[in-house]
Amino acid sequence: MKYQLTILLFALFIAACSDSTSDHAHHGSSAAADVPDPVNPVTVVDGVTIVEMTGNDRMKFNLESFTVPAGSPVKLIFTNVGRMPKASMGHNVVFLNAGVDANAFVAAAASARDNDYIPSALKDQIFAYTKLLGPGEKDTIEFIAPEVPGEYPYVCSFPAHLFAGMGGVMIVE
Ligand SMILES: [Cu+2]
């Protein structure tokens, strides 16, 4: 009985701790752990590649790469699993055409805050993108993978996030 009480108190203690940190961007804490990353983030159902992507307060995607067949349908479910406000830690996923300079794209995107960091003048450089998401938000997009095999980079176009490592590669084969 005493043992159970100890466990209960410990659980309450943990709960209290996580409550008290919920509105702080506690440096170095596990702030991104609200929603666990999917165990199998890439699945294929009826020929559609379903990709469950997450972005967190540490400016990382859960996937640095994934592979899809050329010309096949892709369903991307993107979730911001962080806690920090959208204005300082928003995330999106933007797929760039082959050969596009990702650093140049995000540099231009930085001045497109009013358009959720999608620069209108460079829309011909991208073929799919999600909304800019705040904490806990989710957006699902569907697109057809390029017909030409190759490596297609994706980035978060929020300022400085690519520089921090928030990018990856969709391998089309
Ligand atoms: Cu981001």
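All ligand and atom numbering here is 1-based and tracks the order in the structure. Along the sequence shown, residues are numbered consecutively beginning with 1. Just the heavy atoms: all of them, side chains too, but no hydrogens, waters or symmetry mates, feed the values below. Only a predicted model underlies this, so the values are computations on that prediction, with no experimental measurement involved.
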*asked:* Taking Arg58's backbone N and O only, do any of them form a donor-acceptor pair with Asn56's side chain (distance below 3.5 Å, no angle check)?
replied: yes
*Contacts of type ring-ring contact (aromatic ring centres under 6.0 Å, His included), residue Phe95, not counting sequence neighbours*: Phe127, Phe143, Tyr154
_Passing option when Leu133 is tested against Thr79, Asp116, Asp139 for side-chain contact (heavy atoms from CB on, under 4.5 Å)_ = Asp139
*Which heavy atom of Val68 sits nearest a heavy atom of Ala145, and at what distance?*
CG2-CB, 3.6 Å
*asked:* For the Cu ion (ligand 1), what is the number of protein N, O or S atoms at a distance under 2.8 Å?
replied: 4
*Which atom pair, heavy atoms only, marks the closest approach of Val172 to Pro146?*
CG1-O, 3.4 Å
*Measure up the His91 and His161 rings against each other and bin them: parallel (under 30°), tilted (30 to 60°), perpendicular (over 60°).*
tilted
